[in-house]
Amino acid sequence: MAAFIAQNLAPIMFAALVVVLLLGYPVAFSLGAVGLMFFAIGVELAPFSRCVELSSVCTRIGDPVITLDWPLLQSLPASIYGIMSNDTLLAIPFFTFMGLILERSGMAEDLLDTVGQLFGTVRGGLAYAVIFVGALLAATTGVVAASVISMGLISLPIMLRYGYDRRLAAGVIAASGTLAQIIPPSLVLIVMADQLGRSVGDMYEAAFLPGMILAGAYAFYVFIVATIWPERAPGLPADAIGFRETDGSRGLGSLGMLAIVSGVSGWLLMRDTTFRGPDFVILTMATAIAVAFAIALLSFGTRWATGLRTLSRLAEQVTFVMVPPLALIFLVLGTIFIGLATPTEGGAMGAVGAMGLAYAKRLLDNDPKRLSLDIVRQATEQTAKLSAFVMFILIGARIFSLAFYGVNGHLWIEHLLSGLPGGQLGFLIFVNLLVFVLAFFLDFFELAFILVPLLAPVASKLGIDLVWFGIILSVNMQTSFLHPPFGFALFFLRSVAAKQPYIDRVTRKEMQPVTTEQIYWGAVPFVVIQMAMVGLLIAFPGLVLRDHDGPPPAQQIPGSVSPQPKGGISLPSLGLPGAAPGGSPLGGPSFGTPKLGAPAMGGPPRLDAAPSARKQGPALPRTSPFAGPDGGPVLPDNAPKI
């Protein structure tokens, strides 16, 4: 019996993790507890794990399936330090802080009001405005909660006031908020790049077009509903339209001319540059908005000096409201795309830029609510909570993976998935169905840290480009925010939607509340759209892979994974005092995809040191992912004793 359990400890360990998670225990502590428990079990069962026949976890007769021993626990402190020193993950608190500051400064309110006026009496105009602003907020904040809560507070009462179907209104707001998952600077893409061992910049560029297509698909769905059932998405009444000229016209011609002039000017100024793809789009957009802003400033100055208006009120309002967030998009994404900054540096500039925009709005509007010490404190607290949440999941994942590697779990996963019928297509279909089902119970952080590291080595072995694979999974993981009944975007919207009848502050009419059932049913069509987008990306990889033909090497950014030498997993230096140029005795483990095909969420810490500094440990078979050249586990000279 002991031999049977030892031979099958990997699937037993994985099943135990699933059971503990379904019982509702926190993910970080579940990972750590299961990892430590099975580490102890594995050490005791190691003598009974000799291979008697070849299998998914036995590659040679006589070798042990379990390669765990107590001295391996000495590697955990250095492994945890490696998590804390990962520069790439530092982008998460920066982008989170940026999004929270912008959300609390009232930028979303200004955008929704202006864009809603822009669409005017068009049927479904408010829904189009929500989708447009959702994409814009996604490109400036990258935080789903900030987008959904802002638009739920501002747009939902207005949409209900003018007779929008409650299911459509709730679905549009929740789905538009989830665009922050795929449109850069998405937190999901940072984590995904980290787990796949790819550059965050590559992931951002690859996600740019799919994110725009997904936003367009949402708008197309609204168009279909507004065309077939116009009563579900009416246009604004004429008396609700503001920013009119003295003659009563809306001034759309002036706005259109400004858009054409600035767009053509941007293209003419950038057409002879060497930038292509998303780089060209971002830089052209930045140049165009600079031209538009200059024209609007000139118009404002002329009107102030002479009283003559060269641009309509609507054109000036749209320009002055749209330029700040668009400028922040260029500051963050443009510098990352063209290589002027790493994602971490871009996030830092975005955080500073958000503070600057909020302070400027405070001065221009003479409104202390735009930016105050209390707002900064709240944003800092929320950022610290999210960062601690991510760090604890990573620490738990490291402990779990240390034991999972030791029972050859990575070989079991690889054998299980690489044997699926259909090759690459069969693997992609199975994996996306698996992620879709698991998204009912797990959020994107949990999926990214638990599942993705197990799938990445198999995808790489099958020849699947990991950037393409990561974008497909990122789109699929959006459904974790919209899945009834556990979608977080639905919870965010439920928290701000009216639960009791209320009196509308404009019409003074009693409005009925939005039920949870209406929110859930409103999200279903957008979940279908997201899954259709996954199928589109699988069928047309060119939507993602425009600039390279095969799996690209990971671009070296601070904290990224260095190319791995054949035969082992070397680790980047933590930059500690006394570190040798080629590595550090306490080199931190990578988050990338190791060459041994093992999961990346905290692979076995190979703490390579100079031969003179390496201590002998209990002999391990050469097939063990923990074994050094001399057969013993690789431990640093100054590894702490247990």
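All residue numbers in this chain count up from 1 along the given sequence.
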_Thr114 side-chain N/O to Leu111 backbone N/O, donor-acceptor pair under 3.5 Å_ =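 No, because the side chain of Thr114 does not come within donor-acceptor range (under 3.5 Å) of the backbone of Leu111.
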
*Side-chain donor or acceptor of Thr121 paired with backbone N/O of Gly235 under 3.5 Å*: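 Looks like no, no N/O pair under 3.5 Å.
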
Within a radius of less than 6.0 Å around [atom1] of [X], do more than 12 heavy atoms belonging to other residues, nucleotides or ligands occur?
{"X": "Phe119", "atom1": "CZ", "result": "yes"}
{"X": "Leu363", "atom1": "CG", "result": "yes"}
{"X": "Lys369", "atom1": "NZ", "result": "no"}
{"X": "Phe223", "atom1": "CZ", "result": "no"}
{"X": "Gln378", "atom1": "CD", "result": "yes"}

Testing the basics here: between [X] and [Y], what is the closest heavy-atom pair and its distance to 0.1 Å?
{"X": "Thr319", "Y": "Ala292", "result": "CG2-O, 3.7 Å"}
{"X": "Ala379", "Y": "Leu100", "result": "O-CD1, 3.6 Å"}
{"X": "Ala358", "Y": "Ile101", "result": "CB-CG2, 4.1 Å"}
{"X": "Gly134", "Y": "Leu179", "result": "C-CD1, 4.3 Å"}
{"X": "Ala341", "Y": "Met349", "result": "CB-CE, 3.9 Å"}
{"X": "Thr383", "Y": "Pro93", "result": "CG2-O, 3.3 Å"}

*Just do the side chain to side chain contact (heavy atoms under 4.5 Å, CB included) check on Asp165 and Trp229 with the steps written out, would you?*
CA-CA 10 Å; Asp165 181 82; Trp229 301 284; over 6 Å; no

Using side-chain heavy atoms (C-beta onward) and a distance below 4.5 Å, is [X] in contact with [Y]?
{"X": "Leu156", "Y": "Leu493", "answer": "yes"}
{"X": "Val200", "Y": "Leu189", "answer": "no"}
{"X": "Gln530", "Y": "Tyr218", "answer": "yes"}
{"X": "Gln181", "Y": "Val475", "answer": "no"}
{"X": "Ile182", "Y": "Met533", "answer": "no"}
{"X": "Tyr502", "Y": "Gln512", "answer": "no"}
{"X": "Pro513", "Y": "Gln500", "answer": "no"}
{"X": "Pro230", "Y": "Thr227", "answer": "no"}

Go through the structure and list residues passing side chain to side chain donor-acceptor pair (under 3.5 Å) with [X], not counting sequence neighbours.
{"X": "Ser249", "result": "Asp247"}
{"X": "Arg313", "result": "none"}
{"X": "Arg377", "result": "Asp374, Glu381"}

*Name all residues meeting the side-chain contact (heavy atoms from CB on, under 4.5 Å) criterion together with Ser495; count only those two or more places apart in sequence or in a different chain, and write none if there are none.*
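Counting only residues at least two positions away or on another chain, Ser495 forms no side-chain contact (heavy atoms from CB on, under 4.5 Å).
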
_Taking side-chain contact (heavy atoms from CB on, under 4.5 Å) as the definition, give me every residue that meets it alongside Gln518, ordered by chain and number, with sequence neighbours left out._
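Counting only residues at least two positions away or on another chain, Gln518 forms a side-chain contact (heavy atoms from CB on, under 4.5 Å) with Arg166, Arg167, Val514, Thr515.
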
*Aromatic rings Phe526 and Tyr221: how do their planes relate, parallel, tilted or perpendicular, breaks at 30° and 60°?*
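Rings of Phe526 and Tyr221: perpendicular, over 60°.
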
Listing, residues 254-269 side-chain donor-acceptor contacts under 3.5 Å, not counting sequence neighbours, or none:
residue: Ser254; atom: OG; partner: Ser312; partner atom: N; Å: 3.1
residue: Ser262; atom: OG; partner: Leu258; partner atom: O; Å: 2.8
residue: Ser262; atom: OG; partner: Ala259; partner atom: O; Å: 3.1
residue: Ser265; atom: OG; partner: Val261; partner atom: O; Å: 2.7

*asked:* Under the criterion side chain to side chain contact (heavy atoms under 4.5 Å, CB included), I'd like the reasoning laid out for Ile472 against Asn476: C-alpha separation, chi angles, the key distance, then a yes or no.
replied: CA-CA 6 Å; Ile472 292 173; Asn476 198 339; 5.6 Å; no

*salt bridge (Lys or Arg N to Asp or Glu O under 4.0 Å) evaluation trace for Asp202 with Arg198*: CA-CA 7 Å; Asp202 282 351; Arg198 289 295 181 262; over 6 Å; no

*Go through Leu326 and Met285 one step at a time and tell me if the side chain to side chain contact (heavy atoms under 4.5 Å, CB included) criterion holds.*
CA-CA 8 Å; Leu326 290 174; Met285 181 178 68; 4.1 Å; yes

*Take Leu283 and Thr273 through the test side chain to side chain contact (heavy atoms under 4.5 Å, CB included) and record every step on the way to the result.*
CA-CA 10 Å; Leu283 292 176; Thr273 62; 5.9 Å; no

*Inspect the contact between Arg362 and Asp367 and indicate whether a charged nitrogen and a carboxylate oxygen are less than 4.0 angstrom apart.*
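No, no charged N to carboxylate O under 4.0 Å.
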
_Trace of the side chain to side chain donor-acceptor pair (under 3.5 Å) decision for Gln382 with Thr96_ = CA-CA 8 Å; Gln382 292 299 319; Thr96 303; over 6 Å; no

